[in-house]
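What follows is a set of notes on a single structure, which appears directly below.
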Number of protein chains: 2
Amino acid sequence: MAAPPSDRRRKQPGSRDERKSRTRRGLLDAALARLSGEQSFSSLSLREVTKDAGVVPAAFYRHFPTMEALGMSLVEESFATLRGLMREVRSEPLPTTHLIRQSVDTFLDYVLEHELHFRFIAKERYGGSSTMRMAIRQEIRLFTSELATDLARMPRLATVSSADLQLISSLVVQTIIAASELALDARPEDASELPRIADEAERKLQIILLGAAVWRSDQSR
Amino acid sequence: MAAPPSDRRRKQPGSRDERKSRTRRGLLDAALARLSGEQSFSSLSLREVTKDAGVVPAAFYRHFPTMEALGMSLVEESFATLRGLMREVRSEPLPTTHLIRQSVDTFLDYVLEHELHFRFIAKERYGGSSTMRMAIRQEIRLFTSELATDLARMPRLATVSSADLQLISSLVVQTIIAASELALDARPEDASELPRIADEAERKLQIILLGAAVWRSDQSR
DNA sequence: CATATTAGTGAACAGATGTTGACTTGACCG
DNA sequence: CGGTCAAGTCAACATCTGTTCACTAATATG
């Protein structure tokens with residue numbers, strides 16, 4: 001008469017470590033999924049996360065001491081994927097024509113591919129706790145510096161000082177971030193929206209690089 | 001022997017409407033104050049707001065149907081003050097030298113003067129509900145358009161088409177917003193931080209305007 | 001002056017929240 | 001094989017949440 005024991009623990013396969021890191025991923029993914037909606041991280045509850053991950057609330061503490069810690073992990077892994085993009089781009093030969101347009105397209109594609117991570121960053125960049133904000137700002141600063149060394153290789157920026165390169169890179173980054181945020185909010189039903197955003201970003205970058213090339217020589221005002 | 005009745009309702013002066021709008025302000029201010037800390041709007045509870053405003057939770061509904069409505073009021077009044085700044089600036093004669101630097105300083109001063117409002121906007125610009133985000137984006141678009149008409153009066157931009165002016169204005173706005181967000185997070189104990197932020201913004205704007213002036217003539221690539 | 005409005009009260013509710021402790025049960029290792 | 005370790009469970013807790021309802025008392029109105 002005894003029915004087969006309805007075991008709620010039914011994730012069978014894998015060693016102990018594998019199973020642990022799998023539910024850890026489950027928690028991170030559950031949080032990311034929730035954050036793609038209307039909620040912000042600080043309004044996200046531990047219980048919601050564990051529920052979506054298919055785990056009891058108390059199990060959360062086996063993986064993170066607090067929600068804040070989970071948030072920091074999300075920041076870290078978001079920028080880890082971004083570094084992946086940079087490595088990828090650098091390994092390929094640079095296009096000689098339409099370099100700006102191609103870079104914009106590549107970046108925006110990447111953002112949409114990792115939509116949830118970038119949505120999270122966009123929200124927490126200014127909305128999160130101060131430790132989170134500082135962590136994100138630090139990562140962006142790092143990204144800006146790396147981009148600056150890439151910009152130095154452009155012929156028309158050959159004569160620019162490294163301090164000015166930093167400035168220009170910061171302008172480029174803030175422009176591409178703004179475009180990313182628009183792209184994330186673009187309604188998928190309007191297919192013309194994304195190219196328009198890319199167009200605008202491209203033109204902005206052209207203006208910036210144009211100004212940068214004249215910048216030094218005009219230093220005297 | 002009867003002590004004077006310890007009336008909890010003790011905001012005496014004013015007509016009924018005055019008192020109503022005073023507690024309404026109290027609610028708005030309480031929310032703003034809370035949001036200057038670590039919380040985000042979506043994690044702000046109705047009870048916290050009413051408690052700080054010195055009013056019982058149920059009284060909230062006499063002023064707003066929901067927290068979301070209070071948030072929209074905050075958006076509205078934040079940008080109302082910003083329009084105030086624009087009117088102010090336009091009524092004064094434009095400085096003929098250091099125009100960019102003076103504009104940057106004026107704006108950043110204004111941001112710090114209305115710190116709480118701008119902190120709120122910074123957080124909710126990407127962290128809030130989609131209706132809030134859209135409202136903020138719309139207001140920024142409006143601001144961008146108005147700035148574009150002002151830019152048109154600059155001698156070196158006289159030949160620029162209105163579509164391009166819009167583009168340039170958007171660049172200027174995104175730069176000044178980025179500077180504002182940095183200024184809001186500047187540690188007050190380091191007095192050198194604010195001028196550095198203003199310096200950076202000034203130089204960025206110079207690059208942009210420089211590029212804009214050459215832009216049209218370079219249209220052929 | 002009598003009456004009607006209405007901002008604010010106070011208590012109660014059903015539900016959600018973070019954190020705890022003692023427990024099970026399967027994988028690991030000697 | 002037998003003991004240890006740890007991921008996950010379960011139940012309980014005190015606290016906070018939004019919303020409701022009937023109420024009070026002061027202002028406004030006719």
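In what follows, chains are A, B, ... by sequence order, proteins preceding strands, each numbered from 1.
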*Does a nitrogen or oxygen in the side chain of B/Ser45 sit under 4.0 Å from OP1 or OP2 of D/dC16?*
no

_Looking at C/dA27, I'd like to know if its phosphate oxygens (OP1 or OP2) sit under 4.0 Å from a side-chain N or O belonging to A/Ser15._
no

Value in whole Å for how far the [atom2] atom of [N] lies from [atom1] of [X]:
X: B/Lys20; N: C/dT6; atom1: NZ; atom2: P; answer: 9 Å
X: A/Asp17; N: C/dC28; atom1: CG; atom2: C1'; answer: 10 Å
X: B/Lys51; N: C/dG8; atom1: NZ; atom2: C1'; answer: 18 Å
X: A/Phe64; N: D/dA7; atom1: CZ; atom2: P; answer: 13 Å
X: A/Arg16; N: C/dT25; atom1: CZ; atom2: P; answer: 16 Å
X: A/Glu48; N: C/dA16; atom1: CD; atom2: P; answer: 10 Å
X: A/Leu46; N: C/dG18; atom1: CG; atom2: P; answer: 5 Å
X: A/Arg24; N: D/dA7; atom1: CZ; atom2: P; answer: 12 Å

*Quick one: the side chain of B/Arg62 and the base of C/dT6, do they pair up donor-acceptor inside 3.5 Å?*
no

*Reckon B/Tyr61 touches a base, only the sugar-phosphate, or nothing at all at heavy-atom distances under 4.0 Å?*
base

*Under 4.0 angstrom, heavy atoms only, what part of the nucleic acid is B/Glu18 near: base, sugar-phosphate, or nothing?*
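Nothing: the residue B/Glu18, judged by heavy atoms under 4.0 Å, touches no strand.
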
Closest approach of [X] and [Y], non-hydrogen atoms and distance?
X: B/Arg133; Y: B/Glu124; answer: CG-O, 3.8 Å
X: B/Lys123; Y: B/Leu35; answer: NZ-O, 2.7 Å
X: A/Arg22; Y: A/Gly14; answer: NH2-CA, 4.1 Å
X: A/Gln206; Y: A/Ile100; answer: CG-CD1, 3.8 Å

I want to verify a distance call: between [options], whose nearest atom is closest to the [X] side chain?
X: A/Thr23; options: C/dT19, C/dG10, D/dG8; answer: D/dG8
X: A/Val55; options: D/dG18, D/dT9, C/dT9; answer: D/dT9
X: A/His63; options: D/dG8, D/dT19, C/dT19; answer: D/dG8

*asked:* Judged by each residue's nearest nucleotide on DNA chain D, which is more toward the 5′ side, A/Ala59 or B/Arg47?
replied: A/Ala59

*Side-chain donor-acceptor pair under 3.5 Å between B/Ser145 and B/Gln166, yes or no?*
yes

